[in-house]
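Here the structure is laid out as structure tokens; the discussion comes afterwards.
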Amino acid sequence: MEQRTELFQREQKWGLNTYLYAPKDDYKHRMYWRDLYSPEEAEKLVALITAAKKNGVDFIYAISPGLDITFSNPKEVATLKRKLDQVSGFGCSSFSLLFDDIETEMCPADKQAFSSFAHAQVAVTNEVFKHLGQPDTFLFCPTDYCAAFCTPNVSQSAYLHTVGENLLPGIDVLWTGPKVVSHHITVESIVEVSSVLKRAPVIWDNIHANDYDPQRIFMGPYKDRPTDLIPKLRGVLTNPNCEYYPNFVAIHTLATWCRSEGGRVGGQRDVEMTGDDEAGSDPCYSPKRALTLALTDWLQEFLSTDQPGESSDEEPMQTDVGDPVYVPGSGDNPLFTAEPLTLDDLQLLSELFYLPYEHGSTARTMLTELDWLKAHREAWRSRAKCFDVMCVAVFTMFNRLSNAPNRSILYDLYNYICDIKSGVTLARAYVKQLGGQSRPSAQVMTDDPEPWGFRGGLSGEFQRMLPCHGNRDLFRHPPMTSVYSIRPFCPEDKVSYFNISTTDSDISVKIYETVPLSLPRLAGGQLSPSPNCGLVLEDERGVCGYALGLTDTTAAALNNQVTRALPGDFPSLVTMQLHPRVTDPAPARRMIGSLLSLMKTSGSRGVFCELRQGDRRMFDFYSKLGSFTTLKMAGQPQDVIAMGTSL
């Protein structure tokens, strides 16, 4: 409650005017919505509503009865009215009914009374709105509150059309955008939903919300919402991080966005563009500049101890006055000291904990450098040194934050900055190990790590078992926008084949190289692929992969004096090779699928491939195709894995 009161003061200072009260930890807001507040609870709410009014903030009390309300039961509706009448008696004059995140199946009584779930919600909402005297501010949160929930889409949603046509015009509708947590919200999408709802929506923005992931917190600027939206909306509410103090950036930058040209404050251009802002960005609002303004103000709070519940002259740590000051001797370790926190430290903090769909620039650079250092063993020491400098900057930022006078902010951030420090420490140790600067670390390379060496717990394990979980990392291996083409193999491709196989200095080429081991190399040696059984993958830089097939390995083995056994049920051999720059598995899947179809047409009833034991990339690739299984063949070398599939 103390933090909410402080928030109202910030809202007034920054030009924001609304607060929606809908906390999940107030059980009488949602789970026990029928219960009236006790005198003690009422006293706290009265104080909160009074504080909001004092700071010019419209306090909206929200209630969420959708978990178990029977819409057609007059007693239920009367109970809802009684609850809101009680809150009205506390001095509250603005309200909201929330029907988000609930089951859409109606009970038998409601099915008899209403033709649809939307009709039931609208009927109760309209009745409550009129009962309260049609207040100036009354919000309705639909069950389909984003485009992703609409069936089949926004413009054809029967649910939204019912809401738009039947909800009284004085009631505003909450909307989160294309998704629950929307990356972008465009003017076109708002025009579309406004047409269906027959009113401009109020954006309930989850861009800084972190309640779905306890390991993430977001301190990047409010962005990817053009200021052209402002005149097309009834308002914007941000639903930020669970922790109060780290929301400084989220709320401060939203306020800057609202003050930009076309906003309700209107007219003056609050944010000037700088030369290094993104091309094509909003001419009225610069997220980068807004972030700098917010961090500059936040730094002053970090350096202050004048917070609610703290004495302004109290230091974070005190020692007894009579204790002598320790002075290290000439051979002793120097005293550890942390320099004062700087704006650069907060900039780094923001970039490490940026936004749900985007890392900050320093985080992206660190991931790119680590990815490069993993794949290269030569000519990389200068880049390794740059990566180490970035790691040290994270440690320095951690130490300075830990020593900041304002402990309240630190306590909200501490778990997050400890976690990122741990991850960076592991990455730094791994890079030093690659460069031979340290012994192999048990923390980095082990099948039995300490608990802090992996993340996620039970929830993380469930997620990793689900399809497509692994491709949701914000860091994607470039290039993600390459255009690939697949064409037939021709004799002239032998030169390109050897270029891929032997001339690239990257050690990763050797890791990813896949060649037939039981027979001389296809295309590069005595053997050529069977007619119409070879494909070439090309990108904008040239040849970057092959898929080659030999329909009759028995004859080839006899001609080349190969003595060991070959799999009888799989008479044909395939091999596929990709350059390391091909990181998207889709073109490889298309190429191998096309090759298998060609070989089946040529009369093959089954194919096999052979991989080096350490080639996890290609083993995982063939395994995930779903049709290849591991084979055991007599005389097979220990460092070879054979896989086959019937056609």
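The chain is numbered in sequence order, starting from 1.
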Would you kindly say whether [X] and [Y] are connected by a side-chain donor-acceptor distance under 3.5 Å?
| X | Y | value |
| --- | --- | --- |
| Lys223 | Tyr354 | no |
| Asn206 | Tyr212 | no |
| Tyr222 | Asp205 | yes |
| Asn241 | Tyr416 | no |
| Asn153 | Gln156 | yes |

Spacing of [atom1] belonging to [X] relative to [atom2] belonging to [Y], to within rounding of 0.5 Å:
| X | Y | atom1 | atom2 | value |
| --- | --- | --- | --- | --- |
| Asn239 | Asp211 | CG | CG | 6.5 Å |
| Leu573 | Met599 | CG | CE | 7.5 Å |
| Trp204 | Cys146 | CH2 | SG | 12.5 Å |
| Leu295 | Leu349 | CG | CG | 8.0 Å |
| Met366 | Cys386 | CE | SG | 12.0 Å |
| Ile641 | Glu610 | CD1 | CD | 10.5 Å |

Take Ser646 and Phe570, measure what side chain to side chain contact (heavy atoms under 4.5 Å, CB included) needs, and give me the verdict at the end.
CA-CA 7 Å; Ser646 300; Phe570 306 97; 3.9 Å; yes
Mind listing the closest non-hydrogen atom pair of [X] and [Y] along with its distance?
| X | Y | result |
| --- | --- | --- |
| Ile417 | Phe353 | N-CZ, 4.3 Å |
| Ser572 | Ser604 | OG-OG, 2.7 Å |
| Ile185 | Pro178 | CG1-CD, 4.1 Å |
| Phe608 | Leu631 | CB-CD1, 3.9 Å |
| Asp224 | His183 | CB-O, 3.2 Å |
| Leu611 | Tyr622 | CD2-CE1, 3.8 Å |

Please examine the side chains of [Y] and [X], heavy atoms only from C-beta on, and report whether any two atoms are closer than 4.5 Å.
| X | Y | result |
| --- | --- | --- |
| Met576 | Cys609 | no |
| Leu233 | Pro201 | yes |
| Leu370 | Val431 | yes |
| Pro142 | Tyr159 | yes |
| Tyr484 | Glu538 | no |
| Val173 | Val202 | no |
| Leu578 | Cys544 | no |
| Phe149 | Thr143 | no |

Exactly one of Arg383, Arg364, Lys385 should register a salt bridge (Lys or Arg N to Asp or Glu O under 4.0 Å) with Glu369. Which one does?
Arg383
Please enumerate all residues that pass side-chain hydrogen bond (donor to acceptor under 3.5 Å, both in side chains) together with [X], with sequence neighbours excluded.
| X | value |
| --- | --- |
| Ser189 | Thr186 |
| Asp388 | Arg428 |
| Thr551 | Ser530 |
| Asp100 | none |

[X] side-chain N/O to [Y] backbone N/O, donor-acceptor pair under 3.5 Å:
| X | Y | value |
| --- | --- | --- |
| Ser286 | Arg289 | yes |
| Arg487 | Val536 | no |
| Tyr145 | Lys179 | no |
| Thr362 | Leu348 | no |
| Thr365 | Ser361 | yes |
| Thr553 | Pro571 | yes |
| Gln577 | Tyr546 | no |
| His252 | Leu291 | no |

Could you go through Val181 and Thr176, starting from their C-alpha distance and side-chain angles, then the distance that decides it, and tell me whether this counts as side chain to side chain contact (heavy atoms under 4.5 Å, CB included)?
CA-CA 7 Å; Val181 181; Thr176 65; over 6 Å; no
Cut-off 3.5 Å, no hydrogens considered: what does the side-chain donor-acceptor table look like for residues 589-597, sequence neighbours left out?
residue: Ser594; atom: OG; partner: Arg590; partner atom: O; Å: 2.9
residue: Ser597; atom: OG; partner: Gly593; partner atom: O; Å: 3.1

What verdict does the side chain to side chain contact (heavy atoms under 4.5 Å, CB included) test give for Phe619 and Thr630, after you've listed the backbone C-alpha separation in whole Å, the side-chain angles of each residue and the deciding distance to 0.1 Å?
CA-CA 10 Å; Phe619 180 78; Thr630 303; 4.0 Å; yes
Please step through side chain to side chain contact (heavy atoms under 4.5 Å, CB included) for the pair His359 and Glu351, ending with a clear verdict.
CA-CA 6 Å; His359 291 308; Glu351 291 177 357; over 6 Å; no
Hits for side chain to side chain contact (heavy atoms under 4.5 Å, CB included) against Thr601, two or more places apart or cross-chain, chain-then-number order -> none
Would you mind checking if Arg605 and Asp569 are paired as a salt bridge, meaning a charged N to carboxylate O distance below 4.0 Å?
no
Within 45 degrees of the axis of the six-membered ring of Trp257 and under 6.0 Å from its centre: does Arg225 put its NZ or CZ there?
no
